[in-house]
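Structure first, then comments.
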Amino acid sequence: FYVNDAGHQIDKFARSIEVRYLQLINGEASIAFPEDGYQGEDIKELAKAYYDEHGDGLLNVSEQERQDALAQFGLSVNLPRMKTDLERYKIHYDTWFYESTLHESGYVADSVQLLTDRGWTYEKDGALWLKTSDILAEKLHAAGKSDEDIEKLALKDDVLRRANGFYTYFAADIAYHRNKFAVRGFDKVVNIWGADHHGHVARLKGAMDALGLDGEHRLDLNGSERLDIVLMQLVKLVRDGEVVRMSKRTGKAISLTDLLDEIPVDACRWFFNAKPDTQMEFDLGLAVREDSENPVYYVQYAYARICTLLKALAAEGYDVPAAAQADLALLTADEEKALIKQLAQYPVVVRLAARDYDPSFINRYLSELAAAFHKFYNACRIKGEEKDVLLARLKLADTARAVLKNGMTLIGCSAPEKM
């Protein structure tokens, strides 16, 4: 998890808490809230929490000292909360990497100097620029693009160090990825970005190429790019056909913890997996329904149904046989063959999902597998059948159970044995 605890965003965060803190002490009319500040209730809560703990001790210190203290306090509250929310969502990050460490260690400055040493920077208007347009043009020429095609793209250069001496977010991003490849020795880096960062993809890969780390052309052991960037679209929350409005600026954002208070974790994970690279509508009403219209419920119900069946048959003395002990040639009904074919597709589906970084392959497959099982179960009686047929069908049902459990585990959803 990359923590943006440096640069413009953290400055805005600190300033927002600072103003709320000063308003608490001197009254709201004493200082205007910045137009681009974070206006959410959480900022007011952080300011009050600091005031309750430390009083007006920051009132007479320098602005920089006050903002630094409030930013660190805000991070000390927000980061543990984020970790808790993510664990609740079944995401565990092994490493929390702080952007500030790149600046404090001099690694950003060192990375920019390396680009300068390689001839990829120039100074203009007091700022240091990266020759992004030259880097990308060189790559496009290598890919067979003509000068005319490249000119149409209107490529632009990027500022690495502003005239005031501060490094840009892009410079820190370059240093962070250089750290992954050159220091931590990653063979493969997969980034998850918002769709609004689309224009940043080629620039970052180009910067890696310029550093000699070959963000695009150097291949990993499987023959694919070492740096892959997956773009995620925004999610539109819908309730009763109406869009639930969200806005960071006005403080009406719906956080993950708010969502998990309303929607089960399994439903959240299922719906967010649905199709990550296209804008999706998250239907809050559908996510809590307990019927076949809700796809995660439908799949979990199929799994629970099989578990109930296995227990009932075990109580009658029928255990699931090994494949060699079951006469699978007896499985000749159309519904049996359809279920067998569906099960056989699973390894290919997993490979496709991995290849495309697209878990929705698993979602669709599990829905289709659940449907195939329900058809089989309704058409082909198991309990009360002649023993050889019973055991063959029991083996088929248990195989469907195992694959349903495996798929649900892959996408981080639970497979309850009772519903």
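Along the sequence shown, residues carry numbers from 1.
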From [X] atom [atom1] to [Y] atom [atom2], the distance as rounded to the nearest 0.5 Å:
X	Y	atom1	atom2	value
Leu259	Leu237	CG	CG	6.0 Å
Cys307	Gln300	SG	CD	11.5 Å
Arg162	Asp125	CZ	CG	14.5 Å
Phe376	Ile382	CZ	CD1	4.0 Å
Arg269	Asn363	CZ	CG	10.5 Å
Thr257	Arg88	OG1	CZ	4.5 Å

Say whether, by atom type as modelled, one donor and one acceptor occur between the side chain of [X] and the main chain of [Y] under 3.5 angstrom.
X	Y	value
Ser62	Glu65	yes
Arg393	Leu331	no
Asp5	Ser100	yes
Glu99	Ala172	no
Arg161	Ala127	no
Asn406	Ala402	no
Thr101	Phe97	no
Arg66	Leu59	yes
Asn164	Phe166	yes
Asp283	Leu286	yes

I need the minimum non-hydrogen distance between [X] and [Y], along with the two atoms involved.
X	Y	value
Ala171	Val112	CB-CG2, 4.1 Å
Ala210	Leu115	CB-CD2, 3.8 Å
Tyr365	Leu343	OH-CA, 3.4 Å
Lys12	Asp36	CD-O, 2.9 Å
Val296	Ala267	CG1-CA, 4.0 Å
Tyr107	Ala182	OH-CB, 4.3 Å

Any [X] side-chain heavy atom under 4.5 Å of [Y] side chain:
X	Y	answer
Leu24	Asp56	no
Phe272	Pro359	no
Asp158	Trp129	no
Val288	Ile263	yes
Tyr89	Leu256	yes
Glu293	Tyr298	no
Lys311	Glu417	yes
Leu46	Tyr50	no

Looking at [Y] and [X], is there a salt bridge between them, counting it only when a charged N and a carboxylate O are closer than 4.0 Å?
X	Y	value
Asp398	Lys405	no
Lys188	Asp228	yes
Glu45	Lys48	no
Lys375	Glu335	no
Arg239	Glu242	no

> Is there a side-chain hydrogen bond (donor to acceptor under 3.5 Å, both in side chains) between Asp266 and Tyr297 once you walk through the steps?
Replying inline: CA-CA 9 Å; Asp266 287 338; Tyr297 181 89; over 6 Å; no
> So among Arg118, Lys139, Arg226, which one has a salt bridge (charged side-chain N to carboxylate O under 4.0 Å, His left out) with Asp209?
Replying inline: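 Per the salt bridge (charged side-chain N to carboxylate O under 4.0 Å, His left out) rule, the option paired with Asp209 is Lys139, out of Arg118, Lys139, Arg226.
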>> Could you go through Phe1 and Leu86, starting from their C-alpha distance and side-chain angles, then the distance that decides it, and tell me whether this counts as side chain to side chain contact (heavy atoms under 4.5 Å, CB included)?
In response: CA-CA 11 Å; Phe1 191 104; Leu86 287 166; 4.0 Å; yes
> Could you walk me through whether Arg401 and Phe373 pass the side chain to side chain contact (heavy atoms under 4.5 Å, CB included) check?
Replying inline: CA-CA 9 Å; Arg401 178 202 60 78; Phe373 171 76; over 6 Å; no
>> If you apply the rule salt bridge (charged side-chain N to carboxylate O under 4.0 Å, His left out), what do you find for Asp187 with Lys180, and how did you get there?
In response: CA-CA 9 Å; Asp187 295 309; Lys180 283 191 170 187; over 6 Å; no
> Checking side-chain contact (heavy atoms from CB on, under 4.5 Å) against Asn191, which of Leu231, Leu204, Val230 comes through?
Replying inline: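 Exactly one pass, corresponding to Leu204.
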>> Leu130 and side-chain contact (heavy atoms from CB on, under 4.5 Å): which single residue from Val159, Asp157, Ile135, Thr168 fits?
In response: Ile135
>> Among residues at least two apart in sequence or on other chains, which ones pass salt bridge (charged side-chain N to carboxylate O under 4.0 Å, His left out) with Asp291?
In response: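 Testing Asp291 for salt bridge (charged side-chain N to carboxylate O under 4.0 Å, His left out), a comparison that skips the adjacent residues, returns Arg289.
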Pairing donors with acceptors under 3.5 angstrom, does anything connect the side chains of [X] and [Y]?
X	Y	value
Ser360	Arg364	yes
Asp68	Gln72	no
Gln9	Tyr38	yes
Asp117	Gln113	yes

> What class does the angle between the rings of Trp193 and His197 fall in, given that below 30° is parallel, 30 to 60° is tilted and above 60° is perpendicular?
Replying inline: tilted
> What do you reckon, are the aromatic ring centroids of Phe271 and Phe282 less than 6.0 Å apart?
Replying inline: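 Between Phe271 and Phe282, the centre distance is under 6.0 Å.
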> For His198, does the NE2 atom sit with more than 12 other heavy atoms under 6.0 Å from it, leaving out its own atoms?
Replying inline: no
>> If you apply the rule side chain to side chain contact (heavy atoms under 4.5 Å, CB included), what do you find for His177 with Val189, and how did you get there?
In response: CA-CA 8 Å; His177 286 81; Val189 173; 4.3 Å; yes
> Run the side-chain hydrogen bond (donor to acceptor under 3.5 Å, both in side chains) check on Glu28 and Gln23 step by step: do they pass?
Replying inline: CA-CA 5 Å; Glu28 279 205 32; Gln23 287 176 342; 4.9 Å; no
> Centre of Tyr176's six-membered ring, under 6.0 Å away, within 45 degrees of the axis: is that where NZ or CZ of Arg178 sits?
Replying inline: no
> So, is the end of the Arg20 side chain (NZ or CZ) under 6.0 Å from the ring centre of Phe33 and within 45° of the ring's axis?
Replying inline: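 Yes - Arg20 lies over the ring of Phe33, closer than 6.0 Å to its centre and within 45° of its axis.
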